[in-house]
2 protein chains.
Amino acid sequence: MDTLPPALIRFFEQYHAVSGEALAAIADISEPFWVKKNTEIQPVGRTCKTIYFIIEGIARIHYYKNGTDITEYFAFGPDIVVRAESLFKNQPSQKAIEIIENAQLVATDAARLFQLYDRQPGVERLFRKIFEDCYVDTINRLESIQFHTAKERYIALLNEQPKLLQRVSLKHIASYLGISQVTLSRIRASIR
Amino acid sequence: MDTLPPALIRFFEQYHAVSGEALAAIADISEPFWVKKNTEIQPVGRTCKTIYFIIEGIARIHYYKNGTDITEYFAFGPDIVVRAESLFKNQPSQKAIEIIENAQLVATDAARLFQLYDRQPGVERLFRKIFEDCYVDTINRLESIQFHTAKERYIALLNEQPKLLQRVSLKHIASYLGISQVTLSRIRASIR
DNA sequence: GGCAGTCTTTTACATTTGTTAAATAATCAG
DNA sequence: CTGATTATTTAACAAATGTAAAAGACTGCC
């Protein structure tokens, strides 16, 4: 594509001020696309070779455990959407990416992005910082899920991401919180 | 210090082949030290400004929740030991670092390391890859703790890190698994 | 060796969460 | 608008886990 969406450039700039040349190089290996809700843009079993940016809309990363659909991550535009355990280890992912609210996305070829790291140190730095931030988010989520009760986690979500509660179905939120939907219903009833 | 311990250089080389010059620059901002077990090398409340490498021995990252001591991470030498949520956000950490088996360590000044990223791109790349790996480990741990039963998690630990079970006390392992020590005892009894 | 302190297991009971199934509410397509 | 589908809540019971306290096992120090 010729130029990245302004919302994506602003997303990048939160992390690192990238030169116009670097942005053009990223645009060069990226393609925009639009997806309707309830579409799986990456199935289980494929190795992650594309880095997605969700510009508008909502995506989730999910997988199946004993036939149960489990949500691991919600991405509200603008955000990055990757299955890092597959991308960085170059192994097939057991996880899928599904769009759950009509979305505008950008797909960036991962191999070509990593090549770009050699020519444009600013790009490596940008993505280093983005993934460091993802890492910290995951640490915090681990702590939340490991040592807070289901009720505490739900209330924290309510306070920290109220829009998530408004726009995502409760069955997805339940599995994201690591509890059954019945437990989530009980918690909601208890604080009403 | 003059030269990094060979075990640390081998640890680095797993991730990225770094030039001798870069290694010397890292050594230049690093200091070796030795610590006896049951020593806290970083207390709660301090912002993480040092990156530790544990060469030999065991460290753990832990914190307190309602007065209960919770282990978040075990580091067996050779490994990196940082409280990433503090290091990358430059905020005081609610977590402490304790040595639980006599250890040889290297302490690297974080601010000077980050300055080194500008002069030695190989160093930025090395640490980018190290932290990407930490990130993937955390994703996998999150998945493990979110969607496996306590018994499944204990058995996985038994298979994947048997030495951990032999060298670390069960009270630390229980909190690492996100369960009470009583539950851990019951699980151990049930598979005996 | 023996005592003190710590670690681990066990017991009894309370609480939380899960499972299954049914009832109710909301949403969507035609 | 209406029937069909999906989402959410509720109920009843089972299973898992937590808490508190006590007993037993282990460790280190004098």
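Each chain gets a letter, A, B and so on, in the order its sequence line appears, and its residues count up from 1.
Extent of DNA chain D lying under 4.0 Å from chain A heavy atoms, first and last nucleotide in 5' to 3' order, is dA7(D) to dA12(D).
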Compile the donor-acceptor pairs under 3.5 Å between side chains in residues 184-192 of chain A and protein atoms, sequence neighbours left out, one pair per line.
from: Arg188(A); atom 1: NH1; to: Tyr154(A); atom 2: OH; distance (Å): 3.0
from: Ser190(A); atom 1: OG; to: Ile187(A); atom 2: O; distance (Å): 2.8

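Each of His148(B) and His172(A) was assigned the nucleotide of DNA chain D with the nearest heavy atom; the assignment lying further toward the 5' end belongs to His172(A).
To the nearest angstrom, C1' of dT16(C) lies 18 Å from OH of Tyr154(A). Between Asn38(B) atom CG and dT6(C) atom C1' the separation is 11 Å, expressed in whole Å. The distance between atom NZ of Lys151(A) and atom C1' of dT15(C), rounded to the nearest whole Å, is 13 Å. We find that CD of Gln181(A) is positioned 16 Å from P of dA21(C), with the value rounded to whole Å. Atom CG in Asn66(A) sits about 14 Å away from atom C1' in dT19(C), given to the nearest Å. To the nearest angstrom, C1' of dT8(C) lies 14 Å from CD1 of Ile179(B). The distance between atom CG of Leu177(A) and atom C1' of dG18(C), rounded to the nearest whole Å, is 15 Å.
Within the helix from dG1(C)-dC30(D) to dG30(C)-dC1(D), the inter-axis angle between the opening and closing five-pair segments is 50°, rounded to 10°.
The neighbour count for Lys65(A) NZ, taken as heavy atoms of other residues, nucleotides or ligands under 6.0 Å away, is above 12. Heavy atoms of other residues, nucleotides or ligands lying less than 6.0 angstrom from CD of Glu40(A) number more than 12.
Partners of Arg60(B) under the salt bridge (charged side-chain N to carboxylate O under 4.0 Å, His left out) rule, at least two apart in sequence or in another chain, are Asp69(B), Glu98(B).
Taking Ile, Leu, Val, Met, Phe, Trp and Tyr as members and joining any whose side-chain heavy atoms lie under 4.5 Å apart, directly or through other members, Val182(A) forms no hydrophobic cluster with any other residue. Counting side-chain heavy-atom gaps under 4.5 Å among Ile, Leu, Val, Met, Phe, Trp and Tyr, the cluster of Ile99(B) also holds Phe33(B), Val35(B), Ile41(B), Tyr52(B), Ile54(B), Ile61(B), Tyr73(B), Val81(B), Ile97(B), Leu105(B). By the 4.5 Å side-chain criterion applied to Ile, Leu, Val, Met, Phe, Trp and Tyr, Trp34(A) is assigned to no cluster and stands alone.
One finds a salt bridge joining Lys95(B) and Glu143(A) here, because a Lys/Arg side-chain nitrogen approaches an Asp/Glu carboxylate oxygen to under 4.0 Å.
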Report task. Go along nucleotides 22-30 of chain C 5' to 3' and tag each nucleotide: B for a protein heavy atom under 4.0 Å from its base, S when only backbone or sugar atoms are that close, - otherwise. Result -> ------S--
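A ring-ring contact (aromatic ring centres under 6.0 Å, His included) check over residues 156-192 of chain A, counting only residues at least two apart or in different chains, returns the pairs Phe74(A)-Tyr176(A). A side chain to side chain donor-acceptor pair (under 3.5 Å) check over residues 3-13 of chain B, counting only residues at least two apart or in different chains, returns nothing.
Non-hydrogen atoms lying under 4.0 Å from DNA chain C are contributed by Val182(A), Thr183(A), Arg186(A), all within residues 182-192 of chain A. In the region residues 156-170 of chain B, proximity to DNA chain C at under 4.0 angstrom, judged on heavy atoms, holds for Ser169(B), Leu170(B).
Side-chain atoms of His16(B) and Glu124(B) form no donor-acceptor pair, as typed in the model, at a separation below 3.5 Å. For Ser93(B) and Glu85(B), the side-chain atoms include at least one donor-acceptor pair closer than 3.5 Å.
A cation-pi geometry, defined here as NZ or CZ lying under 6.0 Å from the six-membered ring centre and within 45° of its normal, does not hold between Lys129(B) and Tyr15(B).
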**Report entry** Test log, rule side chain to side chain contact (heavy atoms under 4.5 Å, CB included), inputs Thr47(B) and Asn90(B)
**Finding:** CA-CA 6 Å; Thr47(B) 299; Asn90(B) 207 37; 3.7 Å; yes
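Taking the centre of each ring, Phe127(A) and Phe114(A) stay at or above the 6.0 Å mark.
The aromatic rings of Phe53(B) and Phe12(B) stand perpendicular to each other, their planes meeting at an angle above 60°, with 30° marking the opposite boundary.
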